[in-house]
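Here's the structure we're looking at; comments come further down.
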Number of protein chains: 2
Amino acid sequence: MPQTDDLSEDRGGPTVEDTVLGDLIGYRLKRAYMQIQPQAQRVLAEDDLRVVSFSCLSIITDNTGIVQSELADALQMERSNLVVIIDELEQRGLITRKKVPTDRRRYALTATLRGRRLRDRAAEKVRSAEDEIIGRLDERDRAHLMAVLQRLEDNTR
Amino acid sequence: MPQTDDLSEDRGGPTVEDTVLGDLIGYRLKRAYMQIQPQAQRVLAEDDLRVVSFSCLSIITDNTGIVQSELADALQMERSNLVVIIDELEQRGLITRKKVPTDRRRYALTATLRGRRLRDRAAEKVRSAEDEIIGRLDERDRAHLMAVLQRLEDNTR
DNA sequence: ACAATTTAGTTATTGACTATAACTATTATC
DNA sequence: GATAATAGTTATAGTCAATAACTAAATTGT
């Protein structure tokens, strides 16, 4: 009678050789991201948010009166791609958009009370979802990871 | 006379507030990845490789005779999307595709000498490109990062 | 002060990538 | 030997990021 379960294997396939990819930071980053991102996506979808709209809502909440190009800059995205997202957040009553009197090209973005509440609730859910994945990382490893990632990001600018 | 330069600011914009996003691992992973990926893309493009075709070539080089579904599995992609990539690698003479006699549904993939050489050269270039970005990370931090990312990935399976 | 340039927001479009479904040929299962 | 499952393929649809072109408004240069 064969062992009914857990004869190694079966977690991640029959171990493919890899002498190169696994040592590349880009590859490791992408793989780790691909595990986490779908979970964030899933919990945000419960509130009809995409990752990008949640990010926008979050930055707007933290920066009352920010204008679209600053927001695009902060999130490293094209301002043209921002428009529809802002449109939707506004239509859902999560943010307001009003012309800046001193520069009428610009729109000051502000999160509504509903928007702020949704942001806080959604943020909590994303954090929980992440915590489940990183469960076995202790606080030191987590902090170290975040610091190193931040430095990676900064090194290019 | 005002200081002519470097009154802080100017690196990454006028510091936008952020009480949430920056503490999320998914966000940090994505940002770090977005710094590194374009560099890899750039150096690989010099050899007419995309990141995904380089990844395929690399795994095939390390696993002579691997079949397409195993490769798709290893790279966590759909086997349908693999076809055109394999087609191109084959047409460029970087790999060969031949029916396995014992199971004629399958194709055994093998890197040619040219393919292996290109893989090695490209890998070296990607590594160098990454090294420039992570320059200021010492070896301990780098090793720690890789280990933690690996664990993140494994925690979900 | 006014012409030329730049900036903010917008619209439309494109290319790249991912996921899905449907199909054929072959193998495995009952 | 019929039925189901698997490998590879094709076609297609949805998502996303990048680009160009445009309008309105502000800034700059002379």
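To find a chain, count down the sequence lines: A is the first, B the second, and so on, and within it residues start at 1.
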Between [X] ([atom1]) and [N] ([atom2]), how many Å, whole number?
X: B:M34; N: C:dC17; atom1: CE; atom2: P; value: 17 Å
X: A:L82; N: D:dA17; atom1: CG; atom2: P; value: 11 Å
X: B:I95; N: D:dG8; atom1: CD1; atom2: P; value: 12 Å
X: B:Y33; N: C:dC17; atom1: OH; atom2: P; value: 10 Å
X: A:Q68; N: D:dA24; atom1: CD; atom2: P; value: 17 Å
X: B:K98; N: D:dG8; atom1: NZ; atom2: P; value: 15 Å
X: B:I85; N: D:dG8; atom1: CD1; atom2: P; value: 14 Å
X: B:I86; N: D:dT10; atom1: CD1; atom2: P; value: 13 Å

Exercise for the section: Check every atom of C:dT11, D:dG8, C:dC17 against the side chain of B:R50 and return the nucleotide holding the closest atom. Expected result: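 Among C:dT11, D:dG8, C:dC17, the one nearest the side chain of B:R50 is C:dC17.
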Non-neighbouring partners of [X] that pass side-chain contact (heavy atoms from CB on, under 4.5 Å), sequence neighbours left out:
X: B:D138; result: B:R140, B:D141
X: B:R50; result: B:V52, B:S53, B:I85
X: B:E17; result: A:D62, A:N63

Could I get a table of every N or O pair under 3.5 Å where one atom is in the protein and the other is in nucleotides 1-5 of chain C?
none

Fill in the blank from the handout: Whether each nucleotide of nucleotides 18-30 of chain C has a protein heavy atom under 4.0 Å at its base (B), only at its sugar-phosphate (S) or at neither (-) is summarised, 5' to 3', as BBBB---BBS---
Problem - Residues that, via side-chain heavy atoms closer than 4.5 angstrom, fall in one hydrophobic cluster with A:M146 - result: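 A:I25, A:L29, A:Y33, A:I36, A:I133, A:I134, A:L137, A:L145, A:V148, A:L149, A:L152, B:I25, B:L29, B:Y33, B:I36, B:I133, B:I134, B:L137, B:L145, B:M146, B:V148, B:L149, B:L152, all in the cluster of A:M146.
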Could you pull out all residues at least two apart from [X] that satisfy side chain to side chain donor-acceptor pair (under 3.5 Å)?
X: B:S58; answer: B:R119
X: A:S128; answer: none
X: B:R105; answer: B:D103
X: A:K98; answer: none

Practice task
Check whether any side-chain nitrogen or oxygen of A:S69 sits under 4.0 Å from OP1 or OP2 of C:dG9, and answer yes or no.
Solution key: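 A:S69 to C:dG9 OP1/OP2: side-chain N or O found under 4.0 Å.
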Exercise for the section: Just grab all the salt bridge (Lys or Arg N to Asp or Glu O under 4.0 Å) pairs involving residues 51-60 of chain A, residues at least two apart or on different chains. Expected result: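 As it turns out, there is no salt bridge (Lys or Arg N to Asp or Glu O under 4.0 Å) pair with a partner in residues 51-60 of chain A once direct neighbours are skipped.
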Problem - Side chains of A:E153 and B:M34 in contact at under 4.5 Å (non-hydrogen atoms) - result: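 A side-chain contact under 4.5 Å is absent here.
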Practice task
Enter the inter-axis angle for the ends of the helix from C:dA1-D:dT30 to C:dC30-D:dG1 (five pairs per end, rounded to 10°).
Solution key: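 Between the first-five-pair axis and the last-five-pair axis there is 30°.
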Exercise for the section: Give, for atom CD of B:Q91 and atom CZ of B:R97, the distance between the pair rounded to the nearest 0.5 Å. Expected result: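 Rounded to the nearest 0.5 Å, the CD-CZ separation comes to 8.5 Å.
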